[in-house]
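Right, one structure below, let's go through it.
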Amino acid sequence: MAQSPAGGPPRKTWMVDMPSTATAKTARSGKPIVKTVVKAKPPAIRPARVPVGGPREQAEHDRRERTQGSGHARAGLTPERMRERMVERLAASGIRHPAVLAAMNQVPRHRFVDEGLSSRAYDDTALPIGHAQTISQPYVVGRMTELVLADLPVAPRLARVLEIGTGCGYQAAVLAQVVGEVYSIERIRALHDRARDNLRALRVPNLRLVYGDGLLGLPQAGPFDAMLIAAAGEALPDALLDQLKVGGRALAPLALTRGRGGEQTLCLFVRTGRSSWSTTLLDAVRFVPLKPGIA
Ligand code: SAH
């Protein structure tokens with residue numbers, strides 16, 4: 001059990017079976033994803049402090065941003081220093097994995113946003129990247145990267161990871177610092193091109209960008225040790241579950257309940273056998289929607 005992000009009553013942060021009120025389903029079969037109940041130990045994760053929730057949390061988050069975030073830019077700090085400060089704040093917020101913190105200290109987030117927003121690039125907030133999409137909040141990038149690394153079936157430097165939703169390419173660049181190979185799919189052509197431009201100067205040899213519909217996965221490059229879905233759907237498609245290695249893990253924000261103000265939950269799926277997956281519900285999150293087809 002852990003505190004809810006709002007600091008309210010404790011809320012379950014993991015489970016091995018689906019709750020009766022919120023049943024995650026596979027897209028095609030409509031069957032519950034959990035085919036065997038696995039009495040697994042909960043993954044070694046810490047409760048999130050994600051700034052989602054009611055107006056009070058948002059106000060507190062905004063206040064922190066004003067006092068600790070963009071203030072650095074106003075104080076004339078270099079991007080390197082601003083990045084270090086961001087990493088210090090992430091560590092204070094509960095991101096612990098040294099490789100993840102090092103990766104986030106390495107990747108220049110200001111290169112992934114419009115120049116007009118670069119003074120806010122190291123604030124702990126999502127920012128617009130055009131086409132109604134956003135670059136993920138640094139905390140969420142750190143958290144998801146940590147969760148990918150938590151229990152991979154192979155050593156991280158041997159792991160092959162699939163990201164759905166490249167956006168501007170920031171999360172993919174961070175992932176590529178900590179695992180062997182990253183494939184990242186984007187459905188909006190203009191964003192795919194933009195990510196390619198953003199990443200060209202950084203030279204990330206173990207990252208492949210793919211233009212296409214991520215709901216289909218990338219069977220020609222799989223199976224994958226891990227998947228990170230950076231947009232929220234109602235279910236994890238069977239195609240993606242099938243492309244996970246046994247022992248592999250997929251992280252996906254899912255809208256498990258309809259009509260409740262767009263609440264989303266970060267879910268961890270682990271393939272426990274040829275036709276069994278365990279599901280763990282983690283943090284409350286907020287992502288842009290996962291959409292079918294290409295644009
Ligand atoms: N990973 C990004 C966040 C991107 S926002 C970061 O580093 O900050 C989510 C992205 O998912 C958007 O660019 C959106 O276009 C993309 N997306 C949504 N549905 C998709 C799909 N079916 N296939 C591939 N990309 C998709």
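When reading the values below, keep in mind they use all heavy atoms of this one structure, side chains included, and skip hydrogens, waters and symmetry mates. Both counts, for ligands and for their atoms, begin at 1 and track the order of listing. Along the sequence shown, residues are numbered consecutively beginning with 1.
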Check your understanding: Closest heavy-atom contact between V148 and R249?
Key ->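 Heavy atoms of V148 and R249 come nearest at O-NE, 3.5 Å.
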Review point. What are the two closest heavy atoms between R120 and L127, and how far apart are they?
Key: O-CD1, 3.7 Å
Check your understanding: With a 4.0 Å cut-off, would you call D197 and R194 a salt bridge?
Key ->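 No salt bridge links D197 with R194.
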Check your understanding: Is the closest side-chain heavy-atom distance between V246 and T272 below 4.5 Å?
Key ->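 They are not in contact (no side-chain heavy atoms under 4.5 Å apart), so the answer is no.
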Point to revise | For R81, all residues meeting salt bridge (charged side-chain N to carboxylate O under 4.0 Å, His left out), sequence neighbours excluded | key: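 For R81, the residues satisfying salt bridge (charged side-chain N to carboxylate O under 4.0 Å, His left out) (neighbours in sequence not counted) are E84, E88.
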Review point. Protein residues near ligand 1, heavy-atom distance below 4.0 Å?
Key: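 The 4.0 Å shell around ligand 1 contains Q133, T134, I135, S136, E163, I164, G165, T166, G167, Y170, Q171, I185, E186, R187, I188, L191, G212, D213, G214, L215, A230, A231, V288, P289, L290, K291.
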Point to revise | Over-ring placement of R160 relative to Y183, 6.0 Å and 45° cut-offs | key: no
